[in-house]
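See below for the structure under consideration.
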4 protein chains.
Amino acid sequence: MLDAGVRAFARSGYRNASMDDIAELAGVSKPLVYLYLNSKEDLFTACIRREAAALVTAVRAAVERDAPADRQLWSGLSGFFAHTAEHPDGWTLLHVQARTHGQPYAREVAAMRTEIVEFVTQLIAAAAREHAREAARARTLAGTEVSGLAHALVGAAESLADRAGDGRAGGPSAKEAAATLMNFAWAGLGNLLQGRGWAPERIG
Amino acid sequence: MLDAGVRAFARSGYRNASMDDIAELAGVSKPLVYLYLNSKEDLFTACIRREAAALVTAVRAAVERDAPADRQLWSGLSGFFAHTAEHPDGWTLLHVQARTHGQPYAREVAAMRTEIVEFVTQLIAAAAREHAREAARARTLAGTEVSGLAHALVGAAESLADRAGDGRAGGPSAKEAAATLMNFAWAGLGNLLQGRGWAPERIG
Amino acid sequence: MLDAGVRAFARSGYRNASMDDIAELAGVSKPLVYLYLNSKEDLFTACIRREAAALVTAVRAAVERDAPADRQLWSGLSGFFAHTAEHPDGWTLLHVQARTHGQPYAREVAAMRTEIVEFVTQLIAAAAREHAREAARARTLAGTEVSGLAHALVGAAESLADRAGDGRAGGPSAKEAAATLMNFAWAGLGNLLQGRGWAPERIG
Amino acid sequence: MLDAGVRAFARSGYRNASMDDIAELAGVSKPLVYLYLNSKEDLFTACIRREAAALVTAVRAAVERDAPADRQLWSGLSGFFAHTAEHPDGWTLLHVQARTHGQPYAREVAAMRTEIVEFVTQLIAAAAREHAREAARARTLAGTEVSGLAHALVGAAESLADRAGDGRAGGPSAKEAAATLMNFAWAGLGNLLQGRGWAPERIG
DNA sequence: CATGAATGAGCTTTCATTCAT
DNA sequence: AATGAATGAAAGCTCATTCAT
């Protein structure tokens, strides 16, 4: 029944998907939907929560604990791309629809996002510590720098996931996408740690 | 009058924003809205077009022509973040709402996005050429690599712009966001050019 | 200006014809229409009155006074068919549109119709008197009989006029239509006068 | 529910009768009307079809098969007048409203009318054959003459029915109206068959 | 005298939501 | 537990009508 909701909401949008459609898609009668999920808003919330939980769970399960930080990040990204590719409706629901319809829903996915960003932040911090052990003149990163990188990384990942779900099959595989992203992000991190970050020095 | 449309659509979504609301917000009567913009769909299209044009214009104006490629990219990003921060409703309209409601609108912003991605692609290619002049053992980038980088960069920028418009003031300034992104992407470009990309195989 | 009204009302119907259409058709601005004819209802009424007057005038002018009654009737019918064929919009306005939209307008054309029916009634009565002078055993007609014939005659004439205006050119000419009608009506009158009317005698 | 539609449409006209009015008249809520009859147009069509079928059925039932042709015609006319007098709204719907509002509806009643005209045509032809058996020097009628007579007869009948439905009680009864019409038309037929038609040339 | 600009009111249609069964 | 039947409320759109110029 939630399946029907996710699918309908993802494909038609919250307003366009009617409760009739959803009930029919689920193969049950409309009042039954109301019995289990009190209202359209509640149904939408329930769908979002389920998809958010599924996504977080998938990413968590994909992460190779006890591996080096970069490897953990890479495996997490792989898991993320694999899950969004396998559940395009769920991803659309979270990343497109939930954001489109005001506060209660947007907050719901914002919470999930924060969770992921924090996880990435910790990985980056761990990587920085690892790096510090190995390299001599490593500098310490400010919190905002780490957080900035994490946000950018997550943002780029979301973008790639959107692009993959655009319907054109034959795009990059989940692991390829993850590798592409690591190429950019990890290099940036390394440079930053060695004091070779990019800066608009030429400005007054 | 378009202002009212942009604001209402951005905040309530296309379906939820009623023509009554928009008319009231614009301080005019509903029939007047229909007199100037023939239908709700036309109004939506007009809003999207205006905001897309404004954004592209702003970015174009911000780019420092004749500067080195990285500097051009940075100034363009700064302009982008400055504009989206100053016009959060316009940005939401383009990036969230227009994508949510079917083909005609999505195509409109897809065109704008393509324009920007191509611009970034050219900058990256130019940077690669500059780099080739300076560094000895620079390798040539494949077209897909450049394009991949451009997409990731634009995607990350969009994400950061979203975050900035979330309403929580005190986020990073436009220039800081641009610098973060440069750090994220430019280093990746450099590493790629020197054949030092990240790859999962290196790890256990 | 009334021309435009007649045409628009006849072709689109009272509700479908908008004041915008009419003003544009008349080549003037809408407020001007309101200046001369206070409202849409007044405009409609004015159109009906004009067309009714024109029709009655045309029929009156066509009647050959001082001729025998049958000849008068025939010439009147000819005039009627000629006028309705030449002014199909006017005829539609009177016979279709005015009847469709409630009391005030329906009454207007009912008055005109009454006038015509009375005229026909008098002609029939005159014919009866003429007949009485010529034929020996003529019987006197009851008022209801005369009136019934007049009504039927006028009704049949209206029907033929409708059929003629249906757009298929090449129908019978006005004079032919009038002759056809005379064939039926006058014979019926003659038979009645000679006591050879049709009656359901066989019923109990 | 169709009753309400017929009544509202007949009295107010298609455009003037609002779905609110109809729903209220039917004692149900507006959405229910839309549930059963999909749109105003469909409701109108359904009303027309029902009334047309009812009228045709009533006329068919009234005709005394196996009686002589004139008797059949008379009984059919009686049935027609009786039905229209008993269902004035239905008659108005068919004869006034359906004709006023464009092709799909007009066609619907045109079909019914054709059916009736053809029935009358056959009766007249049968009468001519009967007449030929009895009278010696009967001439054969051309098809156009028969058809013209049928059209005129039906047209006159329609007109008389309109008059009866005008609301003024005390008009002629159904049988009287039928007799009047028979007098009007049957005599014409007889004269025609005997070559004694009326023609303008006979006069001065 | 004539009009461009503006609106109040109403119409058709849809949909989330609820009872009686 | 499950549903067919019904509705209140609202939305997009149109049009007769009026001022300020």
Side-chain angles (χ1 to χ4, degrees), chain A residues 1 5 8 12-24 26-44, chain B residues 1 5 8 12-24 26-44, chain C residues 1 5 8 12-24 26-44, chain D residues 1 5 8 12-24 26-44:
Chain A
M1 200 144 101
S12 313
Y14 176 64
R15 290 292 302 257
N16 257 26
S18 77
M19 292 300 265
D20 286 270
D21 297 345
I22 294 171
E24 192 185 3
V28 297
S29 77
K30 210 170 15 162
L32 197 55
V33 179
Y34 277 90
L35 193 65
Y36 282 84
L37 302 140
N38 292 313
S39 69
K40 197 185 189 185
E41 298 194 349
D42 284 3
L43 169 57
F44 195 41
Chain B
M1 201 146 103
S12 314
Y14 177 65
R15 288 295 304 263
N16 226 32
S18 80
M19 291 301 264
D20 284 273
D21 296 346
I22 293 171
E24 194 182 3
V28 295
S29 75
K30 206 172 15 161
L32 197 57
V33 179
Y34 277 90
L35 191 64
Y36 286 108
L37 302 143
N38 295 310
S39 67
K40 197 184 188 184
E41 296 196 350
D42 282 5
L43 169 57
F44 197 40
Chain C
M1 199 145 100
S12 314
Y14 176 65
R15 289 295 302 258
N16 256 25
S18 76
M19 292 300 264
D20 285 270
D21 296 347
I22 294 171
E24 194 184 2
V28 297
S29 77
K30 210 173 8 165
L32 196 58
V33 179
Y34 277 89
L35 192 64
Y36 283 82
L37 302 140
N38 292 313
S39 68
K40 197 184 187 184
E41 298 195 349
D42 284 4
L43 169 57
F44 197 40
Chain D
M1 198 145 106
S12 314
Y14 176 65
R15 289 292 304 264
N16 226 32
S18 81
M19 291 301 263
D20 283 274
D21 296 345
I22 294 171
E24 194 183 2
V28 297
S29 73
K30 209 172 13 163
L32 197 58
V33 179
Y34 277 91
L35 192 64
Y36 287 108
L37 301 142
N38 295 312
S39 66
K40 197 183 189 182
E41 296 196 351
D42 282 5
L43 169 56
F44 196 41

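Each chain gets a letter, A, B and so on, in the order the sequences are listed, and its residues count up from 1. Worth knowing before you read on, the calculation uses all heavy atoms, side chains too, and leaves out hydrogens, waters and symmetry mates.
Nearest-nucleotide positions on DNA chain F for Y14(B) and M19(C) put Y14(B) closer to the 5' end.
Partners of D42(C) by salt bridge (Lys or Arg N to Asp or Glu O under 4.0 Å), not counting sequence neighbours: none found. With sequence neighbours excluded, no residue forms a side-chain hydrogen bond (donor to acceptor under 3.5 Å, both in side chains) with N38(D). Partners of K30(D) under the salt bridge (Lys or Arg N to Asp or Glu O under 4.0 Å) rule, at least two apart in sequence or in another chain, are D20(D). The side chain to side chain contact (heavy atoms under 4.5 Å, CB included) check on E41(B) picks up Y14(B), S39(B), Y105(B), with sequence neighbours excluded. Checked against side chain to side chain contact (heavy atoms under 4.5 Å, CB included), L35(A) has the following partners two or more places apart in sequence or in another chain: L32(A). By the side-chain hydrogen bond (donor to acceptor under 3.5 Å, both in side chains) test, S18(A) is found to be paired with D21(A), residues two or more places apart in sequence or in another chain being considered.
Heavy atoms of A23(C) sit nowhere under 4.0 angstrom from any nucleic acid atom.
Expressed to the nearest 0.5 Å, how far CZ of F44(C) lies from CD1 of I22(C) amounts to 9.5 Å.
If you take CG of L43(A) and P of dC15(E), they are 16 Å apart, rounded to a whole angstrom. As a whole-Å value, the separation of E41(B) CD from dA11(F) P is 17 Å. Across the protein-nucleic acid pair, D20(B) atom CG and dT7(E) atom C1' stand 13 Å apart, rounded to whole Å. Atoms OH (Y34(B)) and C1' (dA9(E)) sit 15 Å apart, rounded to a whole Å. Atom-to-atom, CZ of R15(C) to C1' of dC15(F) comes out at 9 Å; the value is rounded to the nearest Å. Distance I22(C) CD1 to dA16(F) P: 8 Å, rounded to the nearest Å. To the nearest angstrom, P of dT12(E) lies 14 Å from CG of D42(D).
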Is there any protein nitrogen or oxygen under 3.5 Å from a nitrogen or oxygen in nucleotides 3-6 of chain E, and what are the pairs?
unit_1: dT3(E); atom_1: OP2; unit_2: S29(C); atom_2: N; d: 3.3
unit_1: dT3(E); atom_1: OP2; unit_2: S29(C); atom_2: OG; d: 2.7
unit_1: dT3(E); atom_1: O5'; unit_2: S29(C); atom_2: OG; d: 3.4
unit_1: dA6(E); atom_1: OP2; unit_2: Y36(B); atom_2: OH; d: 2.8

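Looking only at side-chain heavy atoms (C-beta outward), L43(C) and M19(C) come within less than 4.5 Å of each other.
The listed nucleotides are dT13(E), dT17(E), dC13(F); the one nearest the side chain of K40(B) is dC13(F).
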Pair pattern of DNA chain F in dot-bracket, where unpaired bases get dots and | marks partners in another strand, Watson-Crick or G-U under 3.5 angstrom: .||||||||||||||||||||

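The heavy-atom pair separating A17(A) from A8(A) by the smallest distance is CB-O, 3.8 Å.
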